[in-house]
Chemist: 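The structure that follows is given in the form of structure tokens.
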Amino acid sequence: MTVAEATSSAIDSVTTRARAIELRDEHEQALFRTNDHRFAGLLVAQWFIAMVVACVATPRAWVGLSSEVHSHVLLAFLLGGWLAVPPVWLAVASPGSATTRFAIAAGQMGFGALLIHLSGGRIETHFHVFGSLAILACYRDYRVILVATLLVVVDHVVRGAMFPESIYGVATVEPSRWVEHAMWVAFEDLFLIATCLRAQREMWGIAERHAKLEAHREVERDMSEAREANRVKSEFIANMSHEIRTPMTAILGYADLLLDAKTTAEERRTHIQTIRRNGDHLLSILNDVLDISKIEAGRMTLEAVSCSPSAIIGDVASTMRVRAKEKGLSLDVQYATAIPETIESDPTRLRQVLVNLVSNAVKFTGRGGVRIVVRCQELSAGGTLTFEIVDTGIGMSDSQMTRVFEPFVQADSSTTRNFGGTGLGLAICRRLSLMLGGDLVVESQPGRGSTFRLTIRTGMLAGVRMFERWEEAGDSIQPPEANPEEQSHGRLDCHVLLAEDGPDNQLLVATHLRRAGARVTIVENGRLALERATASWRGGVPFDVILMDMQMPEMDGYEATRALRACGYDWPIVALTAHAMAGDRLKCLAAGCCGYLTKPVSRQGLIAAVAAAVQKKGASASASGDRESGGIFSEMADDPEMKDIVGMFVESLARNSVALEAALGDGDRDTVKRLAHQIKGAAGGYGFPSITVAAARLEVLAKGQGPIDEAVRELCAMCRKVRVVRGAA
């Protein structure tokens, strides 16, 4: 056995023993509480019996005192109350405690002594003592027996010496009777104590067995969960392998066919379309994995902008109707209530959820059709919009419905074999629906189809135009215009420095740019990008745009960008990265980039990004013109996603300028250097490269011994002039 196994075994043993002790204590406490309540009732009954005996039996037992019945009843009432009330109160207030058990033992044996006295020492009444000891053994606590025995001994010794007639019914008693009585009590005690100890051992054994059984069941449960998790993982990996290998097989196979000299132009065009289609499928799989990763990490962010639900529905219906028609299915849209012209939501994510739901409905429906039923409910705090995706497909059982929204899970393995998919789509849809302020639920019957009900928040609907019928939406049901970034920007007349370490990506990006008219210089790491950009800039012919891969050998894109900004380089740098998480864009911008592109890069998106960056070139000259006109504006003024965080940075600049002037007045160069470093590191990322240059100059001066007054005043003046957008006060 290894050390790890021995340690694990020891830990398991300690854990099992601790659980056994816990179970034994729980069982003991339950036993103690039950007996406390039973003895409480018995004590009250004996109190009543004692008073009855005082009325009926005592006058005949104590013949000389027959005329004093009331005194015996009073004695039974007072002494019986003193024996019964305290233990009964403890049984109610503190059941299960040792104090309660000992008080009950004292009360029970006290009633034995009282009944012996009231009966005039009748021998039959002495049996109450032995019976009381026996029933007190129900506690399975030998200490209770010892306490009860001690009370019996004290009572018999004291009363036997001072008032023997109350115990034995005669005025004179031989000591042998005390000894005989004590022997009988001791004899019974031996058996009762032995029984209590044996019962305790049995309780411990039972508790230990239960603890081991629980541990075994817990291990079995953990193993079952682990096996289930491993099974799901294995199925997911196998499924993902299939989903990835299938399009990859097509891509590689048709790429080989393209290399065949016998391939005709028409065949070549078909092969290229097949490769592109399978590439899009691969990208959708990667996007699903990325989405679920961002959601699980809590890094998925949604926006709330004004959008047209009718336009989104029209886009989804138009896209999916082609696939439905291929299968001979109908795809209809119905308005169950009036629908608002616009709502406040995230149109991209809403469309993503609807596309997934409708796509699934078409996929799992063999005949019949699919309906998109939309209804709206207005509330005082804003409305809700409900989309019901109703199909006549294969349906699901109750057990399948409970698992269908779990990540990496499909209804069953046959679903994967027959229909494909990764099992991530519905999990993503459910999470997104919650983030959109609603929920996603399903109703289904095997063989009769399914209904997925998506609910989202709409924002306030006061004053919003409502459409009663689908046809009234008019132009809004047409597919939305193409994203401006996806539209061609025509010819590029610029010089681009491409920093990219992958030869295939170098060739692809450079080809797109050169065909669009750009001149392209290629370097394979961040150090060469820094050297080439610095040399051309200082030589008076800077690159119009730098496309910077953020993961490169020797020096990565983040470090190269920060180095360029630190030395005053203020020409556009666009990040080119495969990192597509929510925080990656901000990380690139914070390093000093003014744009952000994720791989794989589309031709339209690449040209659009370069064209937009070219329009911002000459940032230093532009910033100078801004200062002359009374304001310094962010290069990101046209980016609505950055407006709020740029505004927060502008507010921080105002605070930092006050702190800088205060530190200068106090002669605190360390604080000046620290604040300058902070401003230098962030300003470029928020679209203020001129601020970065001024802050970098101040930081260098603050590290030395020379005067810094002018540099501080210049930077503070610039900080007070910054604006988020043109025209902002």
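The model shown is predicted, which means the values in this text are computed figures rather than measured ones.
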Chemist: Between L197 and R201, does a side chain to side chain contact (heavy atoms under 4.5 Å, CB included) hold up when you go through it step by step?
Modeler: CA-CA 6 Å; L197 294 175; R201 288 194 299 270; 4.0 Å; yes
Chemist: Taking all heavy atoms of L118 and all of A50, pick out the closest pair and write down the distance.
Modeler: CD1-O, 3.4 Å
Chemist: Give the C-alpha distance, both sets of side-chain angles, the deciding distance and a yes or no for side chain to side chain contact (heavy atoms under 4.5 Å, CB included) between Q352 and I428.
Modeler: CA-CA 10 Å; Q352 176 182 348; I428 294 172; 3.7 Å; yes
Chemist: Might you point out which heavy atoms bring A148 and A105 nearest each other, and give the distance in Å?
Modeler: CB-CB, 4.5 Å
Chemist: Taking atom OH of Y142 as the centre, does the number of heavy atoms from other residues, nucleotides or ligands within less than 6.0 Å exceed 12?
Modeler: no
Chemist: Which pair of heavy atoms, one from L133 and one from I145, lies closest together, and at what distance?
Modeler: O-CD1, 3.5 Å
Chemist: What ring pair (Phe, Tyr, Trp, His ring centres under 6.0 Å) pairs are there with at least one residue in residues 31-60, not counting sequence neighbours?
Modeler: F39-Y139, W47-F77
Chemist: If you compare all heavy atoms of C138 against all heavy atoms of L31, which two are closest, and at what distance to 0.1 Å?
Modeler: O-CD2, 3.8 Å
Chemist: Got a salt bridge between R140 and E28, using NZ or NE/NH1/NH2 to carboxylate O under 4.0 Å?
Modeler: no
Chemist: Calculate, to the nearest 0.5 Å, the distance between atoms CD1 and CG belonging to I456 and L350 respectively.
Modeler: 4.5 Å
Chemist: Between I135 and Q108, is the side chain to side chain contact (heavy atoms under 4.5 Å, CB included) condition met? List the steps.
Modeler: CA-CA 10 Å; I135 62 176; Q108 184 63 29; 4.1 Å; yes
Chemist: Would L461 and C376 count as a side chain to side chain contact (heavy atoms under 4.5 Å, CB included) if you check the C-alpha gap in whole Å, the side-chain angles of each, and the deciding distance to 0.1 Å?
Modeler: CA-CA 10 Å; L461 297 177; C376 180; 3.7 Å; yes
Chemist: Partners of D25 by salt bridge (Lys or Arg N to Asp or Glu O under 4.0 Å), sequence neighbours excluded?
Modeler: none
